[in-house]
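Before any comments, here is the structure.
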Amino acid sequence: MIRVVFNQKGGVGKTTIVCNLAAIAASKGLRTLVIDLDTQGNATQYLCGAAEQPPDRTIGDFFESTLSFSLSPPPFVTYASNTPFENLDVVAADPRLDELAVKLESKQKIYKFRDALRKLRGYDAVFVDTPPALNFYSRSALIAAERVLIPFDCDEFARQALYTLIDNIHEIRADHNEDLQIEGIVVNQFQSRSKLPTRLVEELKAEGQPLLPQTLGTSVRVKESHESHRPLVFLDRGHRVTQEYLALYEALEGRRRR
């Protein structure tokens, strides 16, 4: 299963969702890989910040390798690095991604990521963190993925951007990846006692948007998780937000098995 978490709007919690869902999968014994396509590298820092050695190879090394023809390119798994957590690996971000994008676009390498992941062996689940833009890397991820999960924070600007985002995903599905499915919209940083978030959620439901019933709340514990470089399931399994992530994970897996 290749799952992409994507929204063109920044600050909606993509990285936190990717890393925490991946950590839950790993905690259940699944060999899990996180791929960090964002030059900011927040997913890499979240999972590897406490590691003694930085990753030897990065996603930038992979994309750079695609610019030169090779009869026997190294398998994608060679770009993965261990994290401090059992069953959880990462393909680290790279600040060179921005400068590489121009060359990759000009040489029409948009399918290389998909081709590499189709040959990937040894993992039960793959989670892809994307940049907050519909650029070469997020399009590559959507072309490679089976499912896309859309984080949504309850804001009117985010709502307007959501419609464009869904149209873009449908276009990529039609043009490049007929197997891509919108897994759902997950409401993040939800404050159930505030009127605006509740109203926006109800209006989106009335429009028939694919909102997931499981929401993710706010808590300082999430920030502490970032600071300690420990996903919530490893930091505080009994916490309310951790339980919300566990419920979301189980719901997504239940939908996938149907």
Side-chain angles (χ1 to χ4, degrees), residues 1-6 10-65 74-101 113 116-117 120-132 137-138 140-141 144-145 149 151 188 216 220-237 239 241-242 245-246 249:
M1 166 58 64
I2 301 170
R3 178 180 285 123
V4 169
V5 179
F6 177 60
V12 296
K14 293 187 301 295
T15 297
T16 302
I17 290 171
V18 163
C19 292
N20 280 283
L21 290 178
I24 290 170
S27 74
K28 293 180 177 293
L30 300 180
R31 287 279 295 148
T32 305
L33 180 66
V34 169
I35 303 173
D36 191 351
L37 292 179
D38 191 347
T39 54
Q40 297 178 80
N42 289 334
T44 304
Q45 295 172 31
Y46 194 176
L47 298 177
C48 297
E52 294 181 2
Q53 297 292 333
D56 292 329
R57 308 186 78 181
T58 70
I59 191 65
D61 294 320
F62 163 73
F63 280 112
E64 187 172 49
S65 75
F76 190 77
V77 70
T78 62
Y79 298 97
S81 301
N82 296 331
T83 72
F85 311 104
E86 187 176 2
N87 296 319
L88 184 55
D89 294 343
V90 65
V91 177
D94 193 311
R96 295 176 297 161
L97 286 179
D98 286 341
E99 63 186 68
L100 284 170
F113 187 61
L117 291 191
L120 181 64
R121 299 293 181 268
Y123 290 100
D124 303 303
V126 177
F127 292 82
V128 185
D129 192 19
T130 53
Y137 301 109
S138 53
S140 292
L149 184 64
N188 191 28
L216 302 171
V220 69
R221 202 63 167 146
V222 176
K223 295 182 179 180
E224 291 170 350
S225 171
H226 296 162
E227 184 180 25
S228 65
H229 308 291
R230 292 183 64 82
L232 287 161
V233 73
F234 299 126
L235 178 68
D236 190 348
R237 190 177 184 91
H239 192 274
V241 178
T242 310
Y245 270 103
L246 287 163
Y249 177 86

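- A salt bridge links E224 and R221; the closest N-O separation between the charged side-chain nitrogens and carboxylate oxygens is under 4.0 Å.
- Counting heavy atoms from C-beta on, the side chains of L246 and R237 come closer than 4.5 Å.
- Side chain of T39 to main chain of P95: no donor-acceptor pair is present (N/O by atom type, distance under 3.5 Å, no hydrogens or angles).
- The line from CZ of R57 to OG of S65 is 7.5 Å long, rounded to the nearest 0.5 Å.
- Of the residues N42, D129, T130, the one that meets the side-chain hydrogen bond (donor to acceptor under 3.5 Å, both in side chains) test with T15 is D129.
- With contacts defined as side-chain heavy-atom distances shorter than 4.5 Å, the pair Y245/P231 does not qualify.
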ring-ring contact (aromatic ring centres under 6.0 Å, His included) between F113 and Y137, worked out: CA-CA 9 Å; F113 187 61; Y137 301 109; 8.9 Å; no

Stepwise side-chain contact (heavy atoms from CB on, under 4.5 Å) test for L37 and I59: CA-CA 7 Å; L37 292 179; I59 191 65; 3.6 Å; yes

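- Distance check: I24 CD1 to Y249 OH gives 8.0 Å after rounding to the nearest 0.5 Å.
- Shortest non-hydrogen contact noted between A80 and L33 is CB-CD1, 3.9 Å.
- Looking at Y46 and N20, their side chains do bring a donor and an acceptor atom within 3.5 Å of each other.
- Within the 4.5 Å cutoff, no side-chain heavy atoms of F62 are placed close to those of I35.
- Nearest heavy atoms, P151 versus I17: CB-CD1, 3.7 Å.
- One finds the CZ atom of F127 at 9.0 Å from the CG atom of L149 (value rounded to the nearest 0.5 Å).
- If you take OH on Y123 and CG on L117, they are separated by 11.5 Å, rounding to the nearest 0.5 Å.
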Under the side-chain contact (heavy atoms from CB on, under 4.5 Å) criterion, do N87 and L30 qualify, and how do the steps go? CA-CA 6 Å; N87 296 319; L30 300 180; over 6 Å; no

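- Put simply, CG on L47 and OG on S81 are 11.5 Å apart, with the number rounded to the nearest 0.5 Å.
- Shortest non-hydrogen contact noted between A92 and P55 is CB-CG, 3.7 Å.
- Annotation: the span from L235 atom CG to E227 atom CD amounts to 10.5 Å, rounded to 0.5 Å.
- Of all heavy-atom pairs between R96 and G60, the closest is NH2-C, 3.5 Å.
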Working for side-chain contact (heavy atoms from CB on, under 4.5 Å), residues T58 and F63: CA-CA 9 Å; T58 70; F63 280 112; over 6 Å; no

Run the side-chain contact (heavy atoms from CB on, under 4.5 Å) check on V128 and V18 step by step: do they pass? CA-CA 7 Å; V128 185; V18 163; over 6 Å; no

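- The minimum heavy-atom distance linking N82 with C48 is given by the pair O-SG, 4.3 Å.
- We find that R31 and D89 are joined by a salt bridge, their nearest charged nitrogen and carboxylate oxygen being less than 4.0 Å apart.
- Taking 4.0 Å as the cut-off between side-chain N and carboxylate O, K14 and D38 do not count as a salt-bridged pair.
- When all heavy atoms of S225 and L232 are compared, the pair lying nearest together is OG-N, 3.7 Å.
- Classified by interplanar angle (parallel below 30°, tilted 30° to 60°, perpendicular above 60°), the ring pair F85/F234 is parallel.
- No hydrogens or angles considered: a donor-acceptor pair under 3.5 Å links the side chains of D36 and T44.
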